Amino acid sequence: MGSTSAQNPENNGSARVGRRDLIKRSAALGLISVPTMSFLSACASGGGGGNGDKAKEGKKTAKNPLGVNDTAQMEFVLFDGGFGKEYAEDAVKIYEKNFPEVTVKFSATQKIQSTLQPRFNQGTPPDLIDNSGAEQMDMGVLVGKDQLADLTPLLDAPSYDDPNKKVRDTLRPGIVEMGQFDGEKVWIMYYAYTVYGVWYSQKALDSLDEQYPETWDQMLAVCEKAKKKGMAGWTYAGKYPYYLPFSLYPMIGKVGGVEVLDAIDNLEPNAWKHPAVKASFEAYYELYKKGYVLKGTPGLDHIQSQTAWAQGKALFIPNGSWVENESANVIPDDFDLAVSAPTGIDSSDKMPFGTIWASGGEPFIVPAKAKNTAGGMEQLRIMLSEASSKNFTSKVKSLTAYNGGTDGITLTPGLKSGVAALEKAGQNVVNPRLQDWYVQLQKEKIGVSGLGEMMAGRLTPAEAIKKIQGFADEAAKDSSIKHYKHQ
């Protein structure tokens with residue numbers, strides 16, 4: 001998965017993230033994940049010892065504004081997903097060049113939770129973690145149990161490139177707010193910038209002599225045309241059906257307005273029973289009923305579904321902008337990758353066509369009990385420089401949280417399409433927070449047990465809505481869960 005954050009797909013904070021001003025962006029990445037109950041209980045212990053081994057503070061200078069100990073080891077664990085690890089390794093080399101007596105302990109894994117949960121328990125977590133992927137740790141739990149360091153010192157430090165600018169002043173709109181949960185403290189730095197939506201081959205769409213459909217009747221007509229030519233209309237990550245919300249949630253927002261998504265995020269009673277949810281669920285279910293979903297999709301993981309789509313077996317796939325890099329080895333040179341905002345129902349929708357989900361992705365955290373928190377933050381400061389940002393964008397076809405870094409870079413088809421989609425959206429950018437505030441609810445329950453079952457034909461839309469509303473109600477009443485609301 002790309003990040004996630006979604007995904008990898010996989011995260012965000014509680015301020016309203018200036019939903020109306022989370023704009024003027026340029027395209028690209030991030031995503032989601034699945035923590036288990038064992039992690040929830042594990043974190044509840046508060047994490048054990050470890051503070052006695054904290055690295056001594058170094059001398060603060062113009063070149064070392066965070067006061068990093070120039071002899072203390074720094075450990076960095078990266079999620080090994082759609083963005084690969086080369087961009088991080090390059091940033092580590094800069095850290096080691098700046099602190100020549102230090103060798104960074106760097107590792108990459110897809111097993112973030114199972115690898116790091118025991119270390120949080122023991123009070124010996126790494127200094128910097130890319131908390132993404134299918135085993136992403138639950139952000140809401142980490143924040144609620146005081147497991148994370150406040151990143152305000154990083155944000156208020158001079159930027160790597162310009163000592164007259166704070167790091168926070170170099171970031172894209174909404175990035176700082178996404179890292180907040182309740183209050184001013186910032187717990188997460190979303191490094192990538194993701195565009196979520198419906199991805200497709202413009203070449204394949206042109207071969208059908210069709211435009212991207214703006215209404216659901218048009219969508220069904222395009223899928224029927226594709227079916228007659230031996231191509232399925234849709235596929236998705238059947239084993240990880242929490243990818244479906246990448247296009248389904250902004251569709252719900254388009255149909256019913258941002259307030260519907262806010263109510264869902266806030267775990268309000270009957271939020272899932274809104275007519276916009278019903279209409280959107282029924283629309284997606286129609287894809288299954290009419291045979292427009294690639295046969296066998298419920299059994300495919302994200303890589304298998306993306307590969308089938310890249311091979312022309314399906315026209316559309318819901319995904320995040322990491323897909324361009326993650327599928328680079330299977331996407332044909334003449335594929336002409338494109339992304340669009342979700343198709344709506346019709347002209348009665350509350351928001352215009354072009355309404356899209358875009359937000360920070362690939363969540364980086366510095367554990368509170370890390371030995372070298374200053375070192376973890378300094379590594380992030382390096383990554384948020386113009387050079388590191390350009391390096392990331394050129395290597396992984398995605399933008400970063402750094403507001404710039406594209407000068408002199410030739411945009412790839414997907415990135416170029418993502419930028420165009422954001423320009424079309426204008427102020428109509430939504431940013432659902434459910435996947436950040438309640439990871440297990442979003443992934444295991446709403447995703448797998450609700451949407452996954454519906455799209456496999458084992459639940460009707462009405463049954464899926466009832467089931468999902470039940471899950472949301474359970475979460476709302478669960479006093480062991482820290483609850484968050486839009487401000």
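These numbers come from a predicted model, not from an experiment. For this chain, numbers begin at 1 and follow the sequence in order.
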query = Within a reach of under 6.0 Å around NZ of Lys395, are more than 12 heavy atoms found that belong to other residues, nucleotides or ligands?
reply = yes
message = Tell me whether Lys313 at atom NZ has more than 12 heavy atoms from other residues, nucleotides or ligands lying less than 6.0 Å away.
response = no
inquiry  = What's the separation between atom CG in Asn403 and atom CG in Asp169, rounded to the nearest 0.5 Å?
reply    = 11.0 Å
message = Apply ring-ring contact (aromatic ring centres under 6.0 Å, His included) to residues Tyr191 and Trp322 and explain how you reach the verdict.
response = CA-CA 13 Å; Tyr191 185 65; Trp322 63 82; over 10 Å; no
Mutual orientation of the aromatic rings belonging to Trp437 and Tyr484 [parallel < 30°, tilted 30-60°, perpendicular > 60°] = tilted
message = Under a 4.0 Å threshold between the charged nitrogen and the carboxylate oxygen, would Lys467 count as salt-bridged to Glu463?
response = no
ask   = Is there a donor-acceptor contact under 3.5 Å linking the side chains of Asn121 and Gln117?
value = no
Side chain proximity check, Ser449 to Glu444, heavy atoms < 4.5 angstrom = no
ask   = Just checking, is any N or O donor in the side chain of Ser305 or Thr235 under 3.5 Å from an acceptor N or O on the other one?
value = no
inquiry  = To the nearest 0.5 Å, what is the distance between CG on Leu422 and CG on Asn428?
reply    = 11.5 Å
task = Determine the sole option in Leu116, Leu148, Thr115 for which the side-chain contact (heavy atoms from CB on, under 4.5 Å) test with Ile129 is passed.
result = Leu116
inquiry  = Quick one about Glu326 and Gln306 (side-chain donor to acceptor, distance below 3.5 Å, no hydrogens or angles considered), yes or no?
reply    = yes
ask   = Is the backbone of Gly405 close enough, under 3.5 Å, to the side chain of Lys390 for a donor and an acceptor to pair up by distance?
value = no
request  = Scan side-chain atoms only and decide if His486 and Asn266 contain a donor-acceptor pair under the 3.5 Å cut-off.
outcome  = no
Modelled atom types, side-chain donor and acceptor of Ser480 and Asp478, under 3.5 Å = yes
ask   = Taking atom types as modelled, is there a side-chain donor on Thr343 or Gln218 under 3.5 Å from an acceptor on the other?
value = no
message = Under the side-chain contact (heavy atoms from CB on, under 4.5 Å) test against Trp309, which residue among Trp234, Tyr236, Phe335 passes?
response = Phe335
query = Do the charged groups of Arg119 and Glu75 touch, with an N to O distance under 4.0 Å?
reply = yes
query = When the ring planes of Trp357 and Tyr249 are compared, do they come out parallel, tilted or perpendicular, using 30° and 60° as the limits?
reply = parallel
remark   = Distance col, row Leu78:CG vs Ser132:OG, nearest 0.5 angstrom, shows 9.0 Å
query = Phe316 and ring-ring contact (aromatic ring centres under 6.0 Å, His included): which partner among Tyr212, Trp199, Tyr292, Tyr284?
reply = Tyr212
